[in-house]
Amino acid sequence: MNAHATSPSVHGAEDSPLGRPVAYRDTYAPELLFPIERRLKRAELGVDPAAPPFVGADLWNAYELSWLNLRGKPVVALARFTVPADSPRLIESKSLKLYLNAFNQSRYPDADAVRALIEKDLSAAAGAPVGVAVEPLGNAPTRVFGVPQGVCIDDLDVEIDAYQPRPDLLHCLPEGGEVGETLYSHLLKSNCLVTGQPDWGMLVVRYRGAPIDRAGLLRYVVSFRGHDEFHEQCVERVFCDLMARCNPRGLLVWARYTRRGGLDINPWRATPGETPPANTMEIRQ
């Protein structure tokens with residue numbers, strides 16, 4: 001455990017199915033969902049749960065959703081979930097995978113019935129309305145791949161020796177007026193808070209303010225390489241560190257993590273008024 005992660009007794013996932021053998025269910029089982037209080041990790045960052053300094057959402061894409069129609073024939077679909085950042089709870093990813101697989105042998109009249117049921121269950125788990133879209137593959141849904149409209153900082157020739165979060169690596173350049181730019185890196189890697197399994201992703205920083213030193217930002221992104229935290233919590237840490245160290249007038253932090261268990265999680269946090277990111281897939285997703 002590193003200096004920025006809490007002890008296993010206080011992060012909220014102690015009783016989750018993560019890291020434990022679990023029997024798969026194949027009929028509807030909403031009790032499989034495991035919510036985790038956001039306030040526990042936000043307290044580490046000094047975030048007031050009643051007035052967080054950001055808005056945002058956790059964008060989930062699900063690729064392994066299936067159920068039976070009323071005649072017993074399987075339907076296969078993609079799904080998207082939008083969990084608001086102001087919900088009191090996030091949903092642990094393995095529990096969501098188990099929950100979705102429990103639809104496999106359950107019968108429903110159509111995709112909208114499945115969507116409504118998932119929306120009800122996820123909203124109850126998160127403690128706030130969760131947006132849900134379900135698209136059967138028979139409707140030929142499409143996904144959009146792309147890269148951010150900005151500058152990739154990965155080719156900067158920097159020396160790196162920090163692999164735990166180092167906010168002190170972040171700073172603004174002394175010269176130059178206010179800029180508005182988007183910087184991104186494919187070198188984000190963190191680890192699951194419970195299992196220690198690696199999580200890979202792309203980090204995007206869009207801001208308005210004094211120019212952020214790009215070499216320092218790259219070193220900071222890589223410093224998460226040995227850090228144990230959930231995706232959502234990593235993004236909130238980055239947001240808070242950038243606000244504290246660089247004080248931009250506007251800020252959006254967005255991570256697109258590669259999928260695990262048929263799910264990818266893409267949290268974004270921003271100062272109020274910033275344009276939300278589009279759900280554009282990173283090439284590794």
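Please read all numbers here as calculations on a predicted model, not as lab measurements.
- Hydrophobic clustering (ILVMFWY, side-chain heavy atoms < 4.5 Å, transitive): Val235 and Leu183 are in one cluster.
- Put simply, OG on Ser185 and CD1 on Ile153 are 5.0 Å apart, with the number rounded to the nearest 0.5 Å.
- A donor-acceptor pair under 3.5 Å is absent between the side-chain atoms of Arg256 and the main chain of Met202, judged by distance alone.
- In this structure the side chain of Val76 never reaches within 4.5 angstrom of the side chain of Leu65, judged on heavy atoms.
- Side-chain N or O atoms of Glu92 include one that pairs as donor or acceptor with a backbone N or O of Ser95 at under 3.5 Å.
- Interatomic distance, Asn61 CG to Asp264 CG, rounded to the nearest 0.5 Å: 4.5 Å.
- Between the side chain of Ser223 and the main chain of Arg166, a donor-acceptor pair closer than 3.5 Å is present.
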Practice task
Go through Lys41 and Glu232 one step at a time and tell me if the salt bridge (charged side-chain N to carboxylate O under 4.0 Å, His left out) criterion holds.
Solution key: CA-CA 10 Å; Lys41 293 295 287 185; Glu232 301 91 335; over 6 Å; no

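- From Asp154, atom CG reaches atom CG of Leu187 across 3.5 Å, with rounding to the nearest 0.5 Å.
- Between Val204 and Pro148 the shortest heavy-atom distance is CG2-CG, 3.7 Å.
- When every heavy atom of Leu252 is checked against every heavy atom of Ala270, the shortest pair comes out as CD1-CB, 3.7 Å.
- Contacts classified as side-chain hydrogen bond (donor to acceptor under 3.5 Å, both in side chains) and involving residues 118-128 (residues at least two apart or in different chains) are given here: Tyr28-Asp121, Tyr99-Asp121, Arg115-Glu119.
- Evaluation of the salt bridge (charged side-chain N to carboxylate O under 4.0 Å, His left out) test over residues 201-225, restricted to residues two or more places apart or in two chains, returns Glu181-Arg214, Arg206-Glu274, Arg208-Glu274.
- Considering CH2 of Trp67 and CG of Leu100, their distance stands at 11.0 Å, rounded to 0.5 Å.
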Exercise for the section: Determine, step by step, whether Cys240 and Val47 satisfy the side-chain contact (heavy atoms from CB on, under 4.5 Å) criterion, reporting the C-alpha distance in whole Å, the side-chain angles of both residues, the deciding distance to 0.1 Å, and the verdict. Expected result: CA-CA 9 Å; Cys240 290; Val47 171; 3.7 Å; yes

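- The minimum heavy-atom distance linking Pro167 with Arg245 is given by the pair O-NE, 3.3 Å.
- Atom NE2 of His231 is separated from atom CG of Leu90 by 11.0 Å, given to the nearest 0.5 angstrom.
- In this structure, Val222 and Leu188 have side chains that are not in contact, with every pair of non-hydrogen atoms separated by 4.5 Å or more.
- Residues Val147 and Trp200 are members of separate hydrophobic clusters, defined by side-chain heavy-atom contacts under 4.5 angstrom among Ile, Leu, Val, Met, Phe, Trp and Tyr.
- At a cut-off of 3.5 Å, with distance as the only test, no side-chain donor of Asn104 or Ser66 sits close to an acceptor on the other residue.
- Arg107 meets the side-chain hydrogen bond (donor to acceptor under 3.5 Å, both in side chains) test with no other residue; sequence neighbours excluded.
- Heavy-atom minimum distance, Cys192 versus Arg260: CB-NH1, 4.1 Å.
- Between Ile36 and Arg89 there is no side-chain heavy-atom pair separated by less than 4.5 Å.
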Using distance only, find each side-chain donor-acceptor pair of residues 131-144 under 3.5 Å and give its atom names and separation, not counting sequence neighbours.
from: Glu135; atom 1: OE1; to: Arg80; atom 2: NH1; distance (Å): 2.7
from: Arg143; atom 1: NH1; to: Tyr63; atom 2: OH; distance (Å): 3.0

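- Grouping the Ile, Leu, Val, Met, Phe, Trp and Tyr side chains by contacts below 4.5 angstrom, directly or via other members, places Met243 with Leu170.
- Checking Tyr257 against Lys189 by side-chain atom types alone, no donor-acceptor pair falls below 3.5 Å.
- In this structure, Ala128 and Ser87 approach most closely via the heavy-atom pair CB-CB, 3.6 Å.
- Grouping the Ile, Leu, Val, Met, Phe, Trp and Tyr side chains by contacts below 4.5 angstrom, directly or via other members, places Tyr184 apart from Ile283.
- Aromatic ring centres of Phe103 and Tyr108: separated by under 6.0 Å.
- Inter-residue side-chain proximity for Val253 and Trp268 is flagged as unmet; no heavy-atom pair is nearer than 4.5 Å.
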Handout entry: Residue pair Arg284, His186: steps toward the side-chain contact (heavy atoms from CB on, under 4.5 Å) verdict
Key = CA-CA 10 Å; Arg284 291 177 295 173; His186 299 286; 4.0 Å; yes

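- No more than 12 heavy atoms of other residues, nucleotides or ligands sit less than 6.0 Å from atom CD of Gln149.
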Practice task
Let me see the working for Val151 and Thr182 under side-chain contact (heavy atoms from CB on, under 4.5 Å), right down to the final yes or no.
Solution key: CA-CA 6 Å; Val151 177; Thr182 298; over 6 Å; no

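- Residues Thr82 and Ala57 share a closest heavy-atom pair of CG2-CB, 3.8 Å.
- To the nearest 0.5 Å, atom CG of residue Leu45 and atom CG of residue Asp48 are 12.5 Å apart.
- Neither side chain, Gln285 nor Arg259, offers a donor N or O lying under 3.5 Å from an acceptor on the other.
- Evaluation of the salt bridge (Lys or Arg N to Asp or Glu O under 4.0 Å) rule for Asp58 yields Arg38, Arg269 as partners, not counting sequence neighbours.
- Of the possible polar contacts, none joining the Arg42 side chain to the Pro52 backbone as a donor-acceptor pair under 3.5 Å is found.
- A donor and an acceptor atom, one from each side chain of Tyr220 and Asp241, are located under 3.5 Å apart.
- Counting heavy atoms from C-beta on, the side chains of Ile91 and Leu122 come closer than 4.5 Å.
- Within the 3.5 Å criterion, the main-chain N or O of Leu251 finds a donor-acceptor partner in the side chain of Thr271.
- Looking only at side-chain heavy atoms (C-beta outward), Val83 and Trp60 come within less than 4.5 Å of each other.
- Not counting sequence neighbours, the partners of Glu31 by the side-chain hydrogen bond (donor to acceptor under 3.5 Å, both in side chains) test are Arg25.
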Exercise for the section: Could you give me the CA-CA distance, side-chain angles and deciding distance for Ser93 and Phe230, then say whether side-chain contact (heavy atoms from CB on, under 4.5 Å) is met? Expected result: CA-CA 9 Å; Ser93 60; Phe230 293 138; over 6 Å; no

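- Residues Leu218 and Phe239 share a single hydrophobic cluster, defined by chaining ILVMFWY side chains whose heavy atoms lie under 4.5 Å apart.
- Put simply, the side chain of Gln164 gets close to the backbone of Gly226: a donor and an acceptor are under 3.5 Å apart.
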